[in-house]
Amino acid sequence: MPNAFNFGISPFDCLSTDERQLVRDHLDIAYFRAGDTVLDPATAPTHLFIVIKGAVEQRDGDELVGHYGPEDSFDGRALVAGKVSSRFVAAEEVLAYQLAGQAVAELISRNATFGALLFADLSKKLSALSARGSQHEMQSLSMARVGQVSVRPVQTVDAGTDIVSVVRVFTDSRTDHVLVRDAQVDPPRLGIFTTTGLQRAILHGMPLAQLPVRELATFKLVSVSPDDYLFDAQAVMIRHKVRRVVVATRTESGSETILGTLDQLDLLSFLSNHSYLITRQILEATDLDGLKTAAGQINGLISLLYRGGTPVALVARVVQELNAQLFERAWRLIAPDDLVDNSCLFVMGSEGRGEQLLKTDQDNALILRDGYTPPEDLAGICQRFSDALADFGYPECPGRIMLSNPEWRHPAAEFAQTVRRWLVMPTPESLMALAIFIDAHAVCGDAHLLEDVRAEVFKLVTDNDALMARFAAAINAFESGQGWWNRLLALGDEGQLLDLKKAGTFPLVHGVRALALAHRIPATSTVARIEALAADSRLPPDLAGSLVDSLHFFMGLKLKTGLDALERGERAGGIPLNQLSSLDRDLLKDALGVVKRFRTMLHQRFRLDMV
């Protein structure tokens, strides 16, 4: 009975004391020489193997489909299915634990998490990991929903009520805001009036006892659902620059029932993080130095949220909103008002899709309103903006995809003509420019300028299979054949770094982007595109779910290694495979397997073998 077994590795780290004893009672050690067959389809599986030393290759015919090194386990799926589907061969001398199949079956029956981590697909593994910490996560700030916070009851007054009477409502109800119902317009509208509006009321000039509240109320309510995550509510407040939102439920008929309001201070007291402080610093900054101070705190906030267990998708959502506020404020400090009003500043790439976390290269551009004469110093203004972002920690784009590059700032008609040229006269470079552009997200100015130009893409996308095939073929830009897959399966070589973007993120993101463009889906985020494709039966539901899980796993893994690098004072780079935990290696293999399956589907859908 081996005593040195490491119960800290996945999936054994989720076992109870009694379950660990069951493992010890049924554990043995096996030795295999290089070239020996450990398992093959001709034999019935009897044990689960956990590699101590050496490496085992899993092969389907001549194709390498799996590689197992120290602390990796195999083949749980075979034990559950009762048959071996692949051949497992010792690539070198192998020393391994072997756990009797009857003990594995009992562990699976006792512990659902163990079973899921042992033989399930990526989605089920991630769900099991989530469930494993569910008790903690339900109390976690990151998973809290709006309905869990004390929503403030709200008073409603008629729009014709005078300001003095409204102040009496403030005093009697001990509140600082009321909803304002205006039934004299068609359709009736609902607004909000707060104590902040009292200053404007005093300066209005009309006696307060005669001034109707409709004159000073805001009738563009910002609302959230009680089922929304608090981080989503926080992102909404950041985006709309408000300090409170209305909490409302929506019926199937589309009508809303107001439950109350959620104040920024109440939300912050619940979340206890610094995003609000960063937002205020950004909005109140009077110069670029003030913005630089705020920008310098964003990575710290990301670390705080992620280390605290906040799901990576929610972290990315908050980061997107903070970056948008930062870029908008910087542009307004640098550009004159007439330029801001007659242009649209937008970001592209992962920033545009809302999938950016730690700061990376700038990807931005500028559309000018047709007929508008920009300042003579437009080039200098745009260069100062790019320089400011670089000073904030966002490096210049090596490909010069920035508004400081004249090729990425044009009047709307000229920009639309450029986009049409990318489509009708495609080159590898123009198709990648198109790919970057259709991910664009407006951050300042007139967003309609961007939407009008982007609409040109969907006008010209027809059932041109050859064009779409050339666009989709970029998924093969970094690797060809099976070489990349075979190398990535050999995880654990000393010093080996994985370029996660090339191996997994880019083919996933661009493949989804190509499908979305082919089916004229206007969504810009990868997850929204996947959901729309699945809803339209363009993606199988199981593959769609696995793609979302894989994307979020890639984002989390990149963030984790990036934060570790920053703590060491280094710049984030590739993923050091030999430093990954056995669980992360296992999940990485599964996620890359999902990408491989998706690439196969894309090859068939776009006939990429013909390109």
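- Contact annotation: the side chain of Leu403 approaches that of Ser386 to within less than 4.5 Å [non-hydrogen atoms, C-beta and beyond].
- You'll find the side chain of Lys589 reaches within 4.5 Å of the side chain of Tyr68, heavy atoms only.
- Residues Phe346 and Ala440 come closest through the heavy atom pair CD1-CB, 3.5 Å.
- At a threshold of 4.5 Å between non-hydrogen side-chain atoms, the residues Phe554 and Leu588 count as touching.
- A salt bridge links Arg529 to Asp439: one of the charged nitrogens lies within less than 4.0 Å of a carboxylate oxygen.
- Checked against Tyr394 for a side-chain contact (heavy atoms from CB on, under 4.5 Å), the options Asn364, Asp363, Asn323, Thr360 give a single hit: Asn323.
- What you find for Ala442 and Cys344 is that their closest heavy atoms are CB-SG, 3.7 Å.
- More than 12 heavy atoms of other residues, nucleotides or ligands sit less than 6.0 Å from atom CD of Glu451.
- Using a 4.5 Å heavy-atom threshold, the side chains of Ile50 and Ile9 count as touching.
- Leu559 and Leu358 get closest at one heavy-atom pair: CD1-CG, 3.7 Å.
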Subject >> Candidate pair Leu357 and Lys558, rule side-chain contact (heavy atoms from CB on, under 4.5 Å), full reasoning >> reply: CA-CA 9 Å; Leu357 292 162; Lys558 183 177 179 181; over 6 Å; no
**OP:** Could you walk me through whether Trp408 and Thr418 pass the side-chain contact (heavy atoms from CB on, under 4.5 Å) test, one step at a time?
**Re:** CA-CA 10 Å; Trp408 285 94; Thr418 299; over 6 Å; no
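- Atom CD of residue Gln356 and atom CG of residue Asp361 lie 9.0 Å apart, to the nearest 0.5 angstrom.
- Side chain of Arg599 to backbone of Ile475: a donor-acceptor contact under 3.5 angstrom is found.
- Residue His448 qualifies as open at atom NE2: its count of foreign heavy atoms under 6.0 Å is 12 or below.
- Side-chain contact between Asp590 and Phe553: absent, with no pair of heavy atoms (C-beta onward) separated by less than 4.5 Å.
- Here Asn6 contributes atom CG and Glu71 contributes atom CD; the two are 5.0 Å apart, rounded to the nearest 0.5 Å.
- Within 6.0 Å of the CD atom in Glu407, the count of heavy atoms belonging to other residues, nucleotides or ligands does not exceed 12.
- Rounding to the nearest 0.5 Å gives a distance of 12.5 Å between CG of Leu366 and CG of Asn405.
- For the pair Asn111 (side chain) and Cys14 (backbone), a donor-acceptor distance under 3.5 Å is present.
- Residue Pro576 comes nearest to Gly574 through the heavy atom pair CD-O, 3.4 Å, listed as atom of the first residue, atom of the second, then distance.
- By the side-chain hydrogen bond (donor to acceptor under 3.5 Å, both in side chains) test, His510 is found to be paired with Arg513, residues two or more places apart in sequence or in another chain being considered.
- The shortest distance between side-chain heavy atoms of Leu301 and Val319 does not fall below 4.5 Å.
- In this structure, OG on Ser86 lies 11.5 Å from CZ on Phe74, to the nearest 0.5 angstrom.
- The backbone N or O of Met555 sits nowhere less than 3.5 Å from a side-chain atom of Glu355 that would complete a donor-acceptor pair.
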**OP:** Applying side-chain contact (heavy atoms from CB on, under 4.5 Å), run through Val236 and Arg317 and close with a yes or a no.
**Re:** CA-CA 10 Å; Val236 168; Arg317 175 79 185 276; 4.1 Å; yes
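- Put simply, the side chain of Lys359 never gets that close to the backbone of Ile298: no donor and acceptor are under 3.5 Å apart.
- Here the CG-CG distance, from Asp232 to Asp227, works out to 11.5 Å after rounding to the nearest 0.5 Å.
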Subject >> ring-ring contact (aromatic ring centres under 6.0 Å, His included) assessment of Phe88 paired with Phe49 >> reply: CA-CA 11 Å; Phe88 294 80; Phe49 293 90; 8.6 Å; no
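- For the pair Met348 and Ala365, the tightest heavy-atom approach, listed with the atom from each and the gap, is CE-CB, 3.9 Å.
- His552 places a side-chain heavy atom less than 4.5 Å from the side chain of Val527.
- Of all heavy-atom pairs between Gly352 and Thr524, the closest is O-OG1, 4.2 Å.
- Thr561 places a side-chain N or O within donor-acceptor distance of the main-chain N or O of Leu557, the cut-off being under 3.5 Å.
- One finds the CZ atom of Phe458 at 6.0 Å from the CG atom of Leu517 (value rounded to the nearest 0.5 Å).
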**OP:** Take His410 and Gln417 through the test side-chain contact (heavy atoms from CB on, under 4.5 Å) and record every step on the way to the result.
**Re:** CA-CA 10 Å; His410 298 294; Gln417 184 178 8; over 6 Å; no
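- At least one side-chain heavy atom of Leu431 sits under 4.5 Å from a side-chain heavy atom of Leu467.
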